[in-house]
S.K.: 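Structure provided below as C-alpha cells; questions to follow.
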Amino acid sequence: MSKTTQAPKALRGVGNFIDDRFHLAKTGEKNLRKVFPNHWSFMLGEIALYSFIILLLTGVFLTLWFKPSMAEIVYDGSYERLQGVEMSEAYASTLYIDFDVRGGFLVRQIHHWAALIFVASLVVHALRVFFTGAFRKPREINWLIGVAIFAIAMIEGLFGYSLPDDLPSGMGVRILQGVMLALPVVGTYISMFLFGGEFPGDVIIARLYMLHILLLPAILLALIVAHFMILWHQKHTQYPGTGKSNRTVVGTPMWPGFAIKAGGFFFFTFAVIAGLSGFVQINPIHLFGPFTPTSITSGLQPDWYMGFMEGALRIFPNTLDFQIFGYAVPVAVLVPGLGAMGLLFGVMGVWPFLEAWITGDKRAHNVADRPRNAPVRTGLGVAAVVAYGVLWLAGSNDILSETFSINLYLTTYIFRVLFIVGPIVAFIVTKRICLGLQRRDRETLEHGYESGTIRQLSGGEFVEVHKESSQDTVDVLQSKPTITSTALVEDTDDKGVENPEARKAKGRFRRALAHWYTKDNVSVDDVEPHSGHHLHHSESESSGAH
Amino acid sequence: MTDNSNDKNRAEGPERVLGTPSESSEERAVAAVSATDAAHEGPYPASETHAHPEEQQRRGERIAAVWFVLAFLGGVGFLVSYFLFPPNAQGTPAIADPQIAQYSNMLLGGSLTLAMFGIGAGMTVWARNVMPHYEVSSPYDELPSSEEEKGSFGAFFMRGADESGITKRPLMRRTLIAAMLPLGLAPIVLLRDTGPLPGDKLKNTIWADGMRMVVEGTDRQIKAEDLENAPNGMISALPDPGGHGGEEGHGDGGHHLSLNEKAKSVILLIKIPEADYKPGMNENVEGDQSRLNWTYDGIVAYSKICTHVGCPAALYERTTHRILCPCHQSTFDAADGAKVVFGPAHRPLPQLPIGVDDEGYLIATGDFPEAPGPTFWDYAKD
C-alpha cells in the first residue's frame, strides 16, 4: 500500500481557483460521495441520457448544412438519380449532407438511431420505475417530469422526422394536419396558423425546424436537468436486501466507482448507436424521393414511437362519427389521433396520485417494490403494455397482412378484438403469475431453496434436499410489504362515530377499489425463516424411519 | 445536497495525518481488527470496499490496455476513413456515388464503433477488475422538515409579506394583478399573424368549368380514350389552368400550380363500364344533377385526397372498382359515388363533375360539390 498520490499541481490550482470564488470544497466532496445503488435496471435511464447527449452533438453538426426552406428548386447536386427533380431546399440540403459532406450520412444516421433509442430507453426506464413503484412518495414530481419528457420527446422526434421533407416525412406532417383539422371549432384555425395558410404552405418546415432545434430541446434539456437534480437530491430508490432500508442507501459511490462505470457506459451506448448507423441503414431519404402532396407509396411506417397512434388511426371504427347542427365531429380521427396520446400521458400522470388515494399511503418509500409484491399495479402495467403493443402492431397491419398472407380487413378486426381482450387477459394472467411467485417466495422463506440434491431416506422415500437461503435472500423475502388501504380500516373517530365521507358514493367507490387493489396477497408475516419441515429431513429420517 | 457521513473511522478522536499511526492502533490490534482494515487507505471504510486480489487487478490492467489500444486504432481508422473518400472530387472514389457512400459510411461507422466500444470496454474492465467493488451506505434525507423549521419558515415569509404591504394594501395588489393581465395575453395575440383565417379557403379549389386536366407529373392533357390505355383504368390528374397556349395536347404540366393547389385539386380519373355503376350513382349531388350526370363516357373523377386525414388514396383495383388509401386503409367504392366501404374515413371522396370540350379533351364542368381532403368542423357549411 502506497501513500495517497498528491493531486497534480495544475489540478490543485484549478480547484483552488474555483473554491476561492465559490466555496465548494465541502459540497464537492459530498457529491463525490453520492451513492448509486448497484442494479442493471438503473442503467436504463442512463441510456436515455447518453442518447440525448449524442442527439445534441449530432444535431449541431447537421444544422451546419441543413436549410429549413420549402423553396422549390430543381435539384442539380451530386446524387445523380434525382438530378432534374423538383424538390424543396430542405430535401436538397439533406441530400447534400448525405452525398457531399464526409461523415454526413453517418451523423444523420446516428442522429436518427439515437432518437429511436432515446425514446425507447426512456419508455423502458419509465416501465422500470412504474413496476417497482419508484414513482411513489417522495418521487411523484420527478415521475411527472419524466412523463413530460416522454411526451415532448415524442413530439420532438415527430418534428425531426418531418424536416428532411422526403415523401414519408411529408406524409407524416399531412396526417398531423388531418388530425388537427378534426378538432371541433378550432381545428381549421390551428391548422391555418401553424402552416401559415393551407397545407403544405411554405413555412411549416422552417417553423418545425425552430421547434425541433430550439424550443423543444431547450425544454427537454431543462426538464432533464430538473429530473437529475431531483434524483441527485432525493437519491435513487434501491431494491430490498441486507442493509438496505428506507433510511440508508447502499451502492457504488460517485467517485471513483460510478464515474468510471457511467463513463464507460456512455461509450458503450455511443458504440451501439454508431454500429447500427454504420451497418443498419435507416430512413434512406434518397430512395424515397421528395414530398409531393399527391403521391404516396404503400407500406409507409412512421418511427416506432408514433406507431401506436398510427395503429389507433387504422383500427378505430368510423361508426361513432357524428354531425351536430351540420357540423362534423370525426370521432374516428379525434379519439385515436389525440385521445390515444392524451390517455397515455394522462393515465401515466395521474397514476401515482390515484394509487396513493386508493391505498391512503402517505409514507415516503425509498425501497422499491418487487413487481410481484404489487400484483394489481403490475397487472395494470402489463395490461397497458399489451394495449400499447396491440396498437403498435396495428400500425403495421398492412405489412403484417402481406407478410403472413392474411386478409387486410381481417387484421383490422383482429386488432379491434385484441385491443379489448388482450389487456384483460394480460391483467388476469399477470396477477396470477405474481401471486404464484409470492407463494413460492413464502415457501422459499419457510423451507429454504431446492438444492437439486435427491436423497433416499431409509424408508425408501426420495426427497429433494432443501438448503437454507442466504441472509440476503431471507432479507429480500422478508421485506415483502403488506398491501393495505386506509379505506378498509373502519373509518371511525375516537368517539366511535363513522366518518360520513366513507359512506358517500366516493367513499364507497374508494373502498371498493381498495378491496380490489389489496385482496389476494400472500402474507409472509407469520413465517419464521427456515422453520419449514423440508429443511429437517435429516432429523425426520432418524426419528421417523421406524 | 448529499449528506454522507461515511468517514466513521475518523469520526472519533482528533484528526491525524494520514499514514501516521493512530493513537489507538495498539488497542485496535488487540481488539482483533483485521489487518486490512488497519492498513486501509481508500476513501471509504474498508468494510464497504471489496478490493480485488492484486493478480486480478494486474490482469485487468492488461486487458483494459488492450481495449484502449484497439480504441486508439479505431480512432485513427476513423480519421483515415474520413480522408479516404473525398466529396465529389474529380478523381474517384467520391461519396456522391451511393455505393461508395455506403462503403464510406460503413468504414466511418465501423471504426467509430470500435473506438467507442474499446473505450467503453476498457473502462468497464477497469471498474470491474482493478477498482474495488463498493457497497457504500449513505443515509437518505429525512422527510419532511421538522414542524419547527416549517413553522419558522412560514412565519418568516408572512412577516416579510406583511411588511412589504402586499397583504395589507389591496389597492396596490389588485391594480398590479390587473396590470399583468393584458401582458399575459400579449404572447397569444402576437401569434395572430402566423396565418390567415380559414374562411372558405378549404372548401374551394381552382377547378372551374371548362378547365382541362393533365396527367400528374407530366404536361400531357387527357382525352377520354386515354383511359382505355391507362394501366388499371385509372389516371391521377391535376388541373391545367393556363395550359392552352402551348403545343397541341400539352399544358404546362401544372408547373405554376402551387403545392397547396395540387394538394387540394388532385383527382383520380377512373373508367368504369357503365353497367357496373351502382344505384348510388343516381342520387342527386347538386340540384337536379345526379352523380351519373357528372361522369363522361363511363369516366368518373374523384378527389384523390382521403377524407380521413389527407393521404392520397392512390391505390385502385379495377375488378372491384375500389379505391384504397394505403395510410389507414379507408376503402371507397368508385362505382358507388366513392362511398366508404371499409376503414376509418367517414364521408365519400368528393366527385368532380367532368365533360369534354370541342377538341375532345376532358374538362371539369365545375368545382367539387364539397370540400376535398380531411373532414373538418364546418366542411358541410356553405
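Side chains included, hydrogens not; waters and symmetry mates left out as well; all remaining heavy atoms used. Just so it is clear, the structure is predicted and the values come from calculations on it, not from any experiment. In what follows, chains are A, B, ... by sequence order, proteins preceding strands, each numbered from 1.
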S.K.: Measure distances from Leu114(B) to the heavy atoms of chain A and classify the residue's part below 4.5 Å as side chain, backbone, both or neither.
M.R.: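 Leu114(B) has no heavy atom closer than 4.5 Å to chain A.
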
S.K.: Measure Met106(B) against the heavy atoms of chain A and call it side chain, backbone, both or neither at under 4.5 Å.
M.R.: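 For Met106(B), the contact with chain A is made by backbone and side chain together.
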
S.K.: So does Glu80(A) have more than 12 non-hydrogen atoms from other groups sitting under 6.0 Å from CD?
M.R.: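 Open: at most 12 neighbouring heavy atoms sit under 6.0 Å from CD of Glu80(A).
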
S.K.: Can you tell which part of Glu135(B) gets under 4.5 Å to a heavy atom of chain A, answering side chain, backbone, both or neither?
M.R.: both

S.K.: With rounding to the nearest 0.5 angstrom, report the NZ to OG1 distance, Lys262(B) to Thr292(A).
M.R.: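 The NZ atom of Lys262(B) sits 7.0 Å away from the OG1 atom of Thr292(A).
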
S.K.: Identify the residue among Phe265(A), Phe267(A), Phe266(A), Phe268(A) that makes a ring-ring contact (aromatic ring centres under 6.0 Å, His included) with Phe117(B).
M.R.: Phe268(A)

S.K.: Under a 3.5 Å distance rule, please check whether Arg81(A) uses its side chain to pair with a backbone N or O of Pro98(B) as donor and acceptor.
M.R.: no

S.K.: Give, for atom CG of Asp141(B) and atom CG of Asn366(A), the distance between the pair rounded to the nearest 0.5 Å.
M.R.: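 Here the rounded value is 9.0 Å.
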
S.K.: Heavy-atom cut-off 4.5 Å, strictly under: side chain, backbone, both or neither for Phe78(B) against chain A?
M.R.: side chain

S.K.: Which heavy atom of Lys235(A) sits nearest to which heavy atom of Pro139(B), and what is that distance?
M.R.: NZ-O, 3.1 Å

S.K.: Would you mind checking which part of Pro330(A) comes under 4.5 Å of any heavy atom in chain B, side chain (CB onward), backbone (N, CA, C, O), both or neither?
M.R.: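 Just the side chain, heavy atoms under 4.5 Å.
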
S.K.: Could you grab the distance from atom CE of Met123(B) to atom CD1 of Ile260(A), nearest 0.5 Å is fine?
M.R.: 5.0 Å

S.K.: Kindly give the heavy-atom pair with the smallest separation between Pro312(B) and Ser295(A), and that separation in Å.
M.R.: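 Answer, listing the atom of Pro312(B) first, then Ser295(A): CG-O, 3.5 Å.
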
S.K.: Chain A heavy atoms under 4.5 Å from Leu324(B): which part of the residue, side chain, backbone, both or neither?
M.R.: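 Contact with chain A is through the side chain of Leu324(B) alone.
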
S.K.: Identify the heavy atoms of Glu310(A) and Cys327(B) that sit nearest to each other, and give their distance.
M.R.: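 Here Glu310(A) and Cys327(B) meet closest at OE2-O, 3.4 Å.
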
S.K.: Ring-plane angle category for Tyr327(A) and Trp377(B), please: parallel below 30°, perpendicular beyond 60°, tilted otherwise.
M.R.: parallel

S.K.: Side chain from CB out, backbone as N, CA, C, O: work out which of these in Arg128(B) comes under 4.5 Å of a heavy atom of chain A, or both, or neither.
M.R.: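 No part of it gets close to chain A.
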
S.K.: Tell me, out of Gly275(A), Ala332(A), Pro256(A), Gly263(A), who's got the most heavy-atom pairs with chain B below 4.5 Å.
M.R.: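 Top count of heavy-atom pairs under 4.5 Å with chain B: Pro256(A).
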
S.K.: So which part of Val125(B) gets closer than 4.5 Å to some heavy atom of chain A, the side chain, the backbone, both or neither?
M.R.: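 For Val125(B), neither part sits under 4.5 Å from chain A.
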
S.K.: Relative to chain B, which segment of Thr242(A) carries a heavy atom at a distance below 4.5 Å: side chain, backbone, both, or neither?
M.R.: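 Looking at Thr242(A), nothing touches chain B.
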
S.K.: State the OG-CG distance between Ser111(B) and Leu106(A), to the nearest 0.5 angstrom.
M.R.: 8.5 Å

S.K.: Atom CD1 in Ile315(A), atom NE2 in His328(B): separation rounded to 0.5 Å?
M.R.: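 With rounding to 0.5 Å, CD1 (Ile315(A)) is 11.5 Å from NE2 (His328(B)).
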
S.K.: I'd like to know whether CZ of Arg102(A) has more than 12 heavy-atom contacts from other residues, nucleotides or ligands below 6.0 angstrom.
M.R.: yes

S.K.: Look at the side chain of Asn105(B) and the backbone N and O of Ser277(A), then say whether any donor-acceptor pair between them is shorter than 3.5 Å.
M.R.: yes

S.K.: What residue, out of Phe258(A), Tyr79(A), Tyr189(A), has the most heavy-atom pairs lying under 4.5 Å from chain B?
M.R.: Tyr189(A)

S.K.: Select one option (side chain, backbone, both, neither) describing which atoms of Lys304(B) are under 4.5 Å from chain A's heavy atoms.
M.R.: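 For Lys304(B), the contact with chain A is made by the side chain alone.
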
S.K.: More than 12 foreign heavy atoms under 6.0 Å from CH2 of Trp113(A): is that the case here?
M.R.: yes

S.K.: Looking at Glu72(A), Gln323(A), Met192(A), which makes the most heavy-atom pairs under 4.5 Å with chain B?
M.R.: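 Top option by heavy-atom pairs under 4.5 Å: Met192(A).
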
S.K.: Taking all atoms of both residues into account, what is the closest heavy-atom pair of Asn318(A) and Pro344(B), and its distance?
M.R.: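 Minimum heavy-atom separation between Asn318(A) and Pro344(B): CB-O, 3.3 Å.
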
S.K.: Does any heavy atom of chain A fall under 4.5 Å from the side chain of Ala115(B), the backbone, both, or neither of them?
M.R.: neither

S.K.: So how far is it from His365(A) NE2 to Tyr140(B) OH, rounded to the nearest 0.5 Å?
M.R.: 12.5 Å

S.K.: Take atom OH in Tyr103(B); do more than 12 heavy atoms of anything else shown fall under 6.0 Å from it?
M.R.: no

S.K.: Which heavy atom in Ala380(B) sits nearest to a heavy atom in Gly326(A), and how many Å separate them?
M.R.: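 Closest heavy-atom pair between Ala380(B) and Gly326(A): CB-O, 3.9 Å.
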
S.K.: Closest approach of Ser137(B) and Val250(A), non-hydrogen atoms and distance?
M.R.: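 Closest approach of Ser137(B) to Val250(A): CB-CG2, 3.8 Å.
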
S.K.: Is it the side chain or the backbone of Leu143(B) that comes within 4.5 Å of chain A heavy atoms, both, or neither?
M.R.: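 Only the side chain of Leu143(B) comes within 4.5 Å of chain A.
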
